[in-house]
Amino acid sequence: MDLDDVKSDLVTREFLAVVLAGFGNELVPLTSDYGDDPCPKALLPVANKPLLEYVLVWLEQSGIKDVLLICPSSHRSSIYHHIHSDVSSSSLRIDLQTYDESRDDNTGPCALLRHFSNRITEDFVVVPCDFIPPPTLPLSLLLNKFRVDALSEACLATTCFFSSRPFEKETHFEEWGSLPSVCPIIWDPSAGSLLHIDTPDDQDRNSDAIELKMSLLSRYPRTKLSSFLQDSHVYVCRRSVLDILHEKPHFSSLREEFLPWLCKIQYRQSKRVKYKKVLDSLSPPTTQILALSHSSNFVNTGGDSQAGMLSPGDSDTSRTLSSTRKIGLVIYDQNTEVPMRINTLHNFYEMNKRILSGTTYSLPVDPKDRSLIDQRAQISVDSIIGESTQISERSTIKRSIIGRHCIIGKLVKITGSILLDHCIVEDGTKLENCILGKSTRVGAKAELTKCVTQAGYEVSGGEVAKGEKLEVSDWMATPDTSIKQTSDLHED
């Protein structure tokens, strides 16, 4: 008998992690399909490490053992291969589930949670596949906040907002699209409660002011407002929240629809009455009610009755505590180490640069891989070179990340750029502040500045481009046109 197996079966699973891995439309062309092969956002490398690995390590460090990983059906093969390969060091038990949709569809997180709710039997943590936290923000910080609030105030959910660091001018390229948007939030710092999130509908109605209910202000008179915090999109939730979500079939976005609506339960009596059946199941244990009713630190925020020195079975005390519903909030505000969601090209580029700033000459460890780098090549100490990458003589690489199995020709100059796996850069090429998708080929003596390429894109020799998103559809246009002209001549 395996004693370890027996022990794990006897322990009740406290949290299930639900990892959402979408198409990554906001990262096009890096996530555009490479022919018939997809380029999953979850496997997009940051500093030569897939995004999914950052998330899995974060979950594992918190003590979570089980993961429900949801991805598009077209990505299943690639992600399945990764989580069962030697590249992934995770020991998590991963239940990989898929949903059928095209890149143009818009299946939101709410729809996915409703669809897979039968696989979620306990409290759960929703985590996007693109969140990279610093070491000073462990997931256990959110879990512990949720645990404490769940005992005393029947916590519905706990989330985390963080202050973002402004982009440096040299890393903000307008040609790559807009920067991540932020929205105003209101919270009670004394209770650690999130009270209001301004939604896109709110901003459409009145972009110059925030409309608040008097019930919010009367119940929470000491609040704070910020329009500079970003949502981590990490939510620790009670299982019963899914029951409420099923009653809101029109909700698609957790952040823009469901969470703002959920916040209103804290101060709107009509909503607590309407969803009383679900909310009553969230009441704290009876043993906690007695302790809380005698605690000098307990503040009556229920508004239904007065909490006094009552017995555990007293209906007034139970009603007071059960009427308290809370959305917990953790504010992470450390400028030295900032979390980031890789949901824009700017964020992808910025996070790679941040990791580089703490790097000191990261070359392959294997002597065979090192032998592929010519001794006359110049590589700065703040660069990362992937395994099995060949770098020819008199090439210069500064402040850049080169992926695995790349081939860099002679007299190549690469500055402030990111090359994903299997890229080929021919002799005399110059790359500055570029991101090359996997298997990109750049012809001899081409010059690219602030360009992003789709996987498999081919840049002609001698071509010059600046501030462009180079996609295969554009690259294929010229050959298709010439073929058509040739066929027309034959017909004549």
Side-chain angles (χ1 to χ4, degrees), residues 16-34 36-61 64 66-103 105-109 111-113 115-116 119 124-133 139 180 232-235 254 339-345 347-349 351-352 355 386 401 403-404 418 420-422 435 437-439 452 454-455:
L16 171 70
V18 182
V19 178
L20 304 179
F23 282 100
N25 291 336
E26 66 278 7
L27 291 168
V28 168
L30 293 179
T31 53
S32 298
D33 294 344
Y34 177 28
D36 294 332
D37 297 328
C39 296
K41 174 183 180 179
L43 301 184
L44 196 66
V46 172
N48 287 345
K49 179 180 177 180
L51 275 174
L52 183 60
E53 282 301 298
Y54 290 94
V55 173
L56 295 181
V57 169
W58 195 51
L59 295 173
E60 195 167 17
Q61 290 173 345
I64 289 178
D66 297 275
V67 176
L68 173 61
L69 176 55
I70 304 173
C71 71
S73 55
S74 59
H75 292 182
R76 177 181 174 83
S77 177
S78 300
I79 293 179
Y80 179 87
H81 175 75
H82 171 77
I83 60 180
H84 290 90
S85 67
D86 296 335
V87 177
S88 179
S89 58
S90 172
S91 61
L92 296 168
R93 295 186 289 266
I94 300 177
D95 178 15
L96 181 59
Q97 295 296 318
T98 63
Y99 58 96
D100 294 325
E101 73 164 11
S102 67
R103 184 179 290 272
D105 294 334
N106 190 23
T107 303
L112 294 177
L113 289 175
H115 182 75
F116 292 102
R119 292 182 172 272
F124 59 99
V125 187
V126 180
V127 184
C129 72
D130 59 8
F131 183 63
I132 300 183
L139 178 57
S232 66
H233 288 246
V234 178
Y235 311 113
L254 283 172
M340 184 175 287
R341 285 197 64 211
I342 311 303
N343 56 354
T344 66
L345 291 173
N347 283 4
F348 176 78
Y349 186 77
M351 180 53 73
N352 276 280
I355 294 177
I401 297 176
R404 301 175 178 87
I418 303 165
L420 304 191
D421 297 345
H422 301 283
I435 306 177
K438 68 177 184 180
S439 301
V452 184
Q454 180 179 345

Leu254 and His233: side-chain contact (heavy atoms from CB on, under 4.5 Å), yes or no, with the steps? CA-CA 8 Å; Leu254 283 172; His233 288 246; over 6 Å; no
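- With sequence neighbours excluded, no residue forms a side chain to side chain contact (heavy atoms under 4.5 Å, CB included) with Ser77.
- Side-chain contact check for Leu420 versus Pro45: some heavy-atom pair is nearer than 4.5 Å.
- With sequence neighbours excluded, no residue forms a side chain to side chain donor-acceptor pair (under 3.5 Å) with Asn352.
- Looking only at side-chain heavy atoms (C-beta outward), Val126 and Pro109 stay at 4.5 Å or farther from each other.
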Could you walk me through whether Cys39 and Leu30 satisfy the side-chain contact (heavy atoms from CB on, under 4.5 Å) test, starting with their C-alpha distance in whole Å, then the side-chain angles of each, then the deciding distance to 0.1 Å, before giving a yes or no? CA-CA 7 Å; Cys39 296; Leu30 293 179; over 6 Å; no
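- Contacts of Asn48 classified as side chain to side chain contact (heavy atoms under 4.5 Å, CB included), with partners at least two apart in sequence or in another chain: Ile384, Ile401, Arg404.
- By the 4.5 Å heavy-atom criterion applied to side chains, Leu27 and Asp130 are not counted as neighbours.
- Screening Tyr54, Trp58, Tyr235 for a ring pair (Phe, Tyr, Trp, His ring centres under 6.0 Å) involving Phe131 leaves a single residue, Trp58.
- Heavy-atom minimum distance, Lys41 versus Leu51: O-CD1, 3.4 Å.
- Side chains of Val452 and Pro29 form a contact here, defined as non-hydrogen atoms less than 4.5 Å apart.
- More than 12 non-hydrogen atoms from other residues, nucleotides or ligands lie less than 6.0 angstrom from OH of Tyr99.
- For the side chain to side chain contact (heavy atoms under 4.5 Å, CB included) test, residues two or more places apart in sequence or in another chain that qualify with Val67 are Ala17, Val19, Leu59, Leu69, Leu92, Ile94.
- Here the options are Pro38, Pro72, Pro40, Ser32, the test is side chain to side chain contact (heavy atoms under 4.5 Å, CB included), and the partner is Phe23; only Pro72 passes.
- Considering only heavy atoms from C-beta on, Ile418 stays 4.5 Å or farther from Val46 through its side chain.
- Within the 4.5 Å cutoff, side-chain heavy atoms of Pro128 are placed close to those of Val234.
- Arg93 and Asp66 are joined by a salt bridge, as a carboxylate oxygen and a charged side-chain nitrogen come within less than 4.0 angstrom of each other.
- For Arg119, the salt bridge (charged side-chain N to carboxylate O under 4.0 Å, His left out) criterion is met by Asp95, not counting sequence neighbours.
- Among residues two or more places apart in sequence or in another chain, the side chain to side chain contact (heavy atoms under 4.5 Å, CB included) test is passed with His422 by His405, Ser439.
- Scanning all heavy atoms of the two residues, the minimum distance from Asn347 to Thr344 falls at N-OG1, 3.0 Å.
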